[in-house]
Structure formats: C-alpha cells, structure tokens
Amino acid sequence: MTHKACEVAAREGDSEQYYADNRDFHEAIYRASRNSFLADLAFALRKRLSAYRRIQLRARNSLLQSLQEHAGILKAIRAGDEQLAASRLHDHVLVQGERFSDMVLGLAGDRRSAPAGSRSGTAKQGALPQAEDRRR
C-alpha cells in the first residue's frame, strides 16, 4: 500500500522517496474516484506542479503533516464515510495550496531583499507583484 511506503519515507526524512510514494497515494485515490474526467484533470495539474510540489516537501515538518493528513483521509475512506473523506481531501488540497502560495511569496520576498547586482536580485522587476499590486 502506498501509505505504508509514505510512512517509511517520512520516518527516514527522504523527501524524494516520499514525493514518489505520495504521487502513488494520490493517483490511487484519483483512480478510485471512478470519475475519469476529474482524475485526468488531477493528473494533468499534478504534472504541471510537480517541480514545486517536490520543493514543498522539503519544508520542515511537511512530510509528517502530509502523512497525518493522509492517515485521516484513509481512515475516513476505510470507514465508508464519504463526507468525511471528501472534507479531509478538500482540506488537504487547500493546505497544500496555501503552502505553495507561501513558498512562492517567500521566494519573491527573497528576490526583493537581495542586494543590488546579486543574481537573485536581477529578476526583481519581473518578480511576482506585492500583495498591494495584485489588487489593482
């Protein structure tokens, strides 16, 4: 089972192996949904975000938190509680989106705080807009 493999990778702190096992875990859920349209969309989105997702898993405590979320999802699925499983899956996806947003904003902040002439400061003008700029 892919969740057991995720447990081993998380325990060892192996983010690369966890990434692969996590992908398998999610793909098993997509297939089990029996909704090929949504599964195909999820596969496509996962592929597009793969580089960012890999980086996210390197953040402190992210492997263990992801693993705990997976355990809750599996518990609800095994209990046959569709509403609870859907709620936990929804929360898991939202948390990942929030972490992704935080990561991107953090990278943009790093670029802005880099000294003039540094490599990370060169893309400053084309970097992501500040929160105030996005409201316009």
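Note that the structure is predicted; figures quoted are calculated from it, not measured. Quick note: numbers below take in every heavy atom, side chains included, and nothing from hydrogens, waters or symmetry partners.
R23 CZ to S50 OG: the interatomic distance, rounded to the nearest 0.5 Å, is 9.5 Å. A distance of 8.5 Å separates OH of Y19 from CD of E16, quoted to the nearest 0.5 Å.
L74 and L89 fall within a single hydrophobic cluster, where Ile, Leu, Val, Met, Phe, Trp and Tyr are joined by side-chain heavy atoms under 4.5 Å apart, directly or via other members.
The other members of the hydrophobic cluster of F37, by chain and number, are L38, L41 (side-chain heavy atoms under 4.5 Å, ILVMFWY only).
Residues V8 and Q17 are not in side-chain contact: their nearest non-hydrogen atoms beyond the backbone lie 4.5 Å or more apart. In this structure the side chain of I73 reaches within 4.5 angstrom of the side chain of H92, judged on heavy atoms.
Of the options D21, D24, L67, a side chain to side chain contact (heavy atoms under 4.5 Å, CB included) to H3 is made by L67 and by none of the others.
Y18 contributes no side-chain N or O that, together with a main-chain N or O of R11, makes up a donor-acceptor pair within less than 3.5 Å. Within the 3.5 Å criterion, the main-chain N or O of L63 finds no donor-acceptor partner in the side chain of S66.
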ask   = Between E69 and R88, is a side chain to side chain contact (heavy atoms under 4.5 Å, CB included) present by the stated rule, with each step listed?
value = CA-CA 7 Å; E69 292 166 7; R88 288 181 175 171; over 6 Å; no
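Remark: N22 engages H26, H70 in a side-chain hydrogen bond (donor to acceptor under 3.5 Å, both in side chains) (not counting sequence neighbours).
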